[in-house]
There are 4 protein chains.
Amino acid sequence: MSLPKTARAAVVAEYGKPIEIRELPVPREDELEPGALLVRVDVASICGSDVHQWDGMTQALAPAQLPIVLGHEMCRRKKQYMRTNCERFPYLVGGFAQYCYVFPPSGRVRIPDDVPDGVASAASCALRTVVHAFDRLGRIEPHQRVVIQGAGPLGLFATAMANHAGVSELIVVGAPEQRLALARRWGASSTVSVEELPTAEMRLARVRELTGARGADVVLELSGAPYAFAEGLDFLRPGGRYAVVGQLGGPLTPVQAALFVRKQATVLGVQSADIGQFWKALEFVRRTASRYDFGAMLTTRYPLDRINEAIQSMRAFREIKPLVLPWTER
Amino acid sequence: MSLPKTARAAVVAEYGKPIEIRELPVPREDELEPGALLVRVDVASICGSDVHQWDGMTQALAPAQLPIVLGHEMCRRKKQYMRTNCERFPYLVGGFAQYCYVFPPSGRVRIPDDVPDGVASAASCALRTVVHAFDRLGRIEPHQRVVIQGAGPLGLFATAMANHAGVSELIVVGAPEQRLALARRWGASSTVSVEELPTAEMRLARVRELTGARGADVVLELSGAPYAFAEGLDFLRPGGRYAVVGQLGGPLTPVQAALFVRKQATVLGVQSADIGQFWKALEFVRRTASRYDFGAMLTTRYPLDRINEAIQSMRAFREIKPLVLPWTER
Amino acid sequence: MSLPKTARAAVVAEYGKPIEIRELPVPREDELEPGALLVRVDVASICGSDVHQWDGMTQALAPAQLPIVLGHEMCRRKKQYMRTNCERFPYLVGGFAQYCYVFPPSGRVRIPDDVPDGVASAASCALRTVVHAFDRLGRIEPHQRVVIQGAGPLGLFATAMANHAGVSELIVVGAPEQRLALARRWGASSTVSVEELPTAEMRLARVRELTGARGADVVLELSGAPYAFAEGLDFLRPGGRYAVVGQLGGPLTPVQAALFVRKQATVLGVQSADIGQFWKALEFVRRTASRYDFGAMLTTRYPLDRINEAIQSMRAFREIKPLVLPWTER
Amino acid sequence: MSLPKTARAAVVAEYGKPIEIRELPVPREDELEPGALLVRVDVASICGSDVHQWDGMTQALAPAQLPIVLGHEMCRRKKQYMRTNCERFPYLVGGFAQYCYVFPPSGRVRIPDDVPDGVASAASCALRTVVHAFDRLGRIEPHQRVVIQGAGPLGLFATAMANHAGVSELIVVGAPEQRLALARRWGASSTVSVEELPTAEMRLARVRELTGARGADVVLELSGAPYAFAEGLDFLRPGGRYAVVGQLGGPLTPVQAALFVRKQATVLGVQSADIGQFWKALEFVRRTASRYDFGAMLTTRYPLDRINEAIQSMRAFREIKPLVLPWTER
């Protein structure tokens with residue numbers, strides 16, 4: 001394979017300003033560290049944290065030096081490798097580009113033939129993080145009540161996983177209706193719209209009603225919404241388990257510390273995942289494709305040139321998980 | 001056994017006002033429910049929550065109707081039973097009295113002959129709660145670093161238990177020096193005085209230094225201090241476990257919810273304990289009495305008449321766990 | 001309710017000899033211990049161990065004094081209680097009778113209205129033991145391969161539970177074909193007939209083939225067959241988990257002890273269950289009734305008079321779990 | 001460092017025949033695979049499996065092609081690396097030699113300065129396997145009774161670890177008296193000599209007596225003795241946990257499979273360990289050196305020339321864990 005001298009990439013030069021498509025030099029083979037890969041990006045997908053990578057919110061957590069190439073969920077079909085270095089926040093070597101440099105210690109997993117590119121890309125960060133959350137939570141029994149906070153890609157993947165695990169009382173809290181409808185199709189027994197019930201008190205009352213006044217056995221926070229943490233703790237029944245995944249920054253949350261004690265709560269923080277959990281994520285979409293139309297989550301396909309439009313559409317909740325196609329002309 | 005018609009008891013008639021010693025009627029045998037016990041109280045001990053039962057702080061959590069008989073840690077040697085209904089907050093049937101009514105579903109454990117009355121009484125609530133916390137935390141390995149927040153009875157019992165379990169890096173955060181000295185005698189490798197380091201920042205810097213900048217593998221919150229929850233979360237290393245025990249009420253604590261995620265923390269709320277854990281508490285003090293002089297925690301013995309003095313001395317941190325003797329004249 | 005002076009019951013007077021239907025005295029109310037119940041038996045079901053209770057095999061394990069009333073799985077709809085004292089082997093106070101004495105410490109669970117009598121009776125021992133086995137095993141992930149040894153009531157219930165928990169590669173080893181067909185209907189992806197593959201070597205080869213030469217992640221022994229234990233250990237992949245439930249006696253099994261080490265196996269013995277697991281069993285059949293026709297397991301309904309015929313039919317594997325109706329005339 | 005052309009090594013050319021000291025070619029630097037190491041062996045130690053590597057017993061489990069260089073526990077102080085590829089049975093690249101080739105994927109751990117060479121070598125296989133066993137078992141509580149089968153290096157290390165973890169009732173079953181005396185010094189509350197009590201029945205009676213007729217909460221099989229597996233299962237109390245480590249081959253053991261069920265036993269196979277467990281092993285000996293004189297286990301130091309004598313002395317149970325010094329003249 002003879003590589004081009006340069007490749008096109010989506011570059012954030014200044015937080016909150018339009019992303020620029022630049023021609024960047026492609027590393028020559030003798031510039032690769034041992035164990036590194038240079039992969040052609042077939043398709044990439046947009047993660048919520050990409051938006052905050054662009055608007056600068058993640059800067060507070062993990063300072064990065066601009067400029068950076070955006071993107072960390074992507075898929076390379078031909079060589080059948082995928083990049084999984086979600087941990088290396090803020091992803092200085094980005095996926096919204098024609099080629100991507102994969103660092104040596106990154107794990108690689110072969111994508112099963114029957115998993116579509118876009119779904120594999122979405123599994124590379126969003127789903128494998130959800131897999132990790134379920135691994136941390138341990139067994140969920142058929143009679144247990146589960147609340148999922150968030151109806152974005154993580155919340156929807158979690159809905160499918162909980163449904164597949166036999167949960168029959170499964171409440172998804174989120175918005176907009178387009179996402180909640182998909183949650184119901186994938187197994188949510190009830191959805192609670194944060195648009196229709198705009199206050200925490202209203203939502204708590206609704207969840208109490210849906211869980212027989214007792215609260216949820218298991219709660220997963222996958223929303224990233226400020227204050228969602230305290231709200232999820234309120235949803236929990238005494239003795240319940242709470243996986244916290246989406247809280248990446250934001251303001252301090254006032255919490256009643258005595259609640260941990262009185263509920264004897266088990267609270268489990270979850271961030272990213274390991275390579276084995278990525279393999280399990282791919283196995284899950286492969287085995288359950290006939291039940292869950294995961295492609296419905298991949299709302300729009302944007303050529304690289306339209307990356308700004310994609311980011312804005314994502315911000316406005318018009319998208320669930322749009323794809324970025326580095327090799328497609330508009 | 002012929003019972004007297006009345007018995008003396010320490011009664012809270014109004015929050016924060018002097019406790020009154022009243023003569024209360026002793027139930028006749030035919031007034032007992034099936035399975036209930038009426039026990040003569042040999043010795044009782046004062047728990048921190050008794051103080052808040054008296055000053056009314058616990059009222060916010062678990063409303064009680066005054067008047068009440070104070071006290072819930074006690075010991076009956078002769079029949080070798082102990083009361084263990086700590087859960088029934090706010091202990092309407094109290095232990096600071098000559099006789100105490102024990103409800104039918106309360107568990108009973110035989111006190112080993114070689115465990116002194118006062119220690120057995122202290123084990124009936126304080127230590128068994130600590131046993132529960134260690135049960136929730138699971139195994140602690142010899143190389144792991146443990147921080148204990150609080151040097152009161154729970155913190156000191158936890159110090160002995162962690163030391164006995166082979167922990168060599170064991171930091172106790174609390175005050176006053178009398179308690180910290182006991183903590184060091186029972187195995188703390190370092191103590192951090194909240195009097196000498198009055199701010200959370202100072203204490204965090206000290207704990208970081210003592211844990212090689214990494215933080216603690218395991219933290220136990222046993223202090224009940226407001227804001228201790230957020231401070232303990234800061235002490236924790238990524239991947240660490242945090243047992244929260246002492247938070248019974250108080251103001252909302254501002255917490256950085258993203259910390260749960262970034263640290264992938266495991267946070268475990270613990271309240272009271274079951275009867276098996278009480279048995280384990282008694283076994284622990286019995287088996288380790290030659291190493292830990294648990295009696296050193298039982299700072300003063302007060303006759304029932306001096307209960308107000310005992311409560312005030314407890315409030316002023318002059319006591320660790322004083323005893324109340326219902327049958328002793330001054 | 002005025003009780004009759006006597007009631008009809010199935011009595012084993014001598015091992016292996018025909019069971020006699022005798023009129024036994026019904027305890028008067030003043031003969032009941034505090035907390036005991038006297039319940040009218042609406043329907044009972046036959047457990048494999050009832051057969052061995054009759055033929056005397058269980059005698060080696062838990063000596064009983066004849067005569068005894070047979071039966072320990074039963075259901076009382078009206079008062080909505082069920083007997084659950086399966087542990088009190090060999091069930092001296094039996095369920096194949098018009099009335100049954102339930103000892104005071106026995107747990108009681110209310111039967112949901114929409115669970116049929118026969119299914120509730122089967123849940124009272126067979127299913128709750130299976131629930132216990134899954135509790136011991138912990139979480140089973142969607143990609144994991146499960147082998148179930150035995151296609152009797154326990155094996156079939158386990159098939160439904162594993163299928164409901166999202167297991168897609170689920171192999172049931174047993175016989176006869178009638179049972180294996182039901183296993184496939186309830187979610188087995190493959191069945192291995194011990195009639196068609198009569199040797200352990202043949203079955204091991206088949207299971208290896210079905211599990212990609214690797215072996216099963218999880219095996220459940222629910223057959224009670226002699227030597228099944230060693231066979232199940234052979235089915236297990238390195239790192240796998242093995243729940244052993246059905247082995248109640250029989251000859252010594254030669255085992256390669258080094259297999260535990262080389263496979264780093266986790267082997268979990270399971271016997272009977274507690275009252276909470278019985279509640280979970282009833283919840284399971286209630287919630288999943290539209291997917292699994294549990295009634296198909298209840299092959300025949302025998303009036304009490306035909307108990308000998310029922311036992312013989314059970315022995316000959318013509319039945320899965322027949323019912324006994326104490327109040328029906330032939 | 002300029003390497004010699006050849007190095008001396010202990011070679012097994014034929015099972016059970018005298019080991020030969022041969023001059024073998026040292027790989028040149030350009031012959032090393034990327035990531036491999038060539039280390040000078042400062043000191044090595046003899047593992048029980050080295051004996052069976054020599055007598056051919058391990059051949060049945062893991063066929064090896066002769067000739068081989070014996071040895072897999074060793075220590076290289078200067079570069080501070082240790083070899084840990086115990087898993088690569090039967091250790092074709094051996095440690096009883098002046099230089100040893102360490103394969104690329106082998107983990108490396110820095111030896112703490114205050115851990116002596118011989119102890120570090122012993123930790124590289126024996127102790128880290130014991131660490132793995134305790135990791136599998138999980139928490140052991142102070143009141144629990146522990147039986148250790150075997151008083152060889154693994155049994156003695158396990159005695160120290162259990163004692164350090166706070167176990168006060170700790171029974172070691174083994175021989176000869178020299179080893180049992182060391183076990184008592186390291187914390188065994190009782191020892192049971194297999195020389196004095198030569199039958200399983202006698203030993204079971206003694207363990208029953210020592211455990212209040214109830215059996216042990218935790219048993220560790222570290223003996224490698226044939227039939228020790230079934231004996232350990234007999235030692236276990238209902239609900240107990242059993243780690244099986246030493247069973248590497250040998251004849252089929254007749255087991256009562258119903259015992260797993262009736263005891264609801266948890267049986268955990270353990271083989272070798274990972275690199276993190278090796279780090280924990282080194283931390284353990286470093287932190288507890290003042291309590292346990294681990295050097296007492298290292299009974300004799302043999303120059304390489306006397307390897308046959310060392311193996312015979314080991315076989316005759318005159319040694320616990322002798323050292324092999326590749327650079328010392330006789």
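Keep in mind that what you see is a predicted model, and the values were worked out from it rather than measured. The chains referred to below are lettered A, B, ... by the order of the sequence lines, with proteins before strands, and numbering in each begins at 1.
Between A/Ile140 and C/Arg139, every side-chain heavy-atom pair lies at or beyond the 4.5 Å cut-off.
Note that OG of C/Ser168 and CD of A/Glu283 are 8.5 Å apart. Values are rounded to the nearest 0.5 Å. Rounding to the nearest 0.5 angstrom, the gap separating the NZ atom in C/Lys280 from the CD atom in A/Glu141 is 3.5 Å.
Both the backbone and the side chain of C/Asp135 come within contact range of chain A, with heavy atoms under 4.5 Å apart.
Within 6.0 Å of CZ in A/Arg208 there are 12 or fewer heavy atoms belonging to other residues, nucleotides or ligands.
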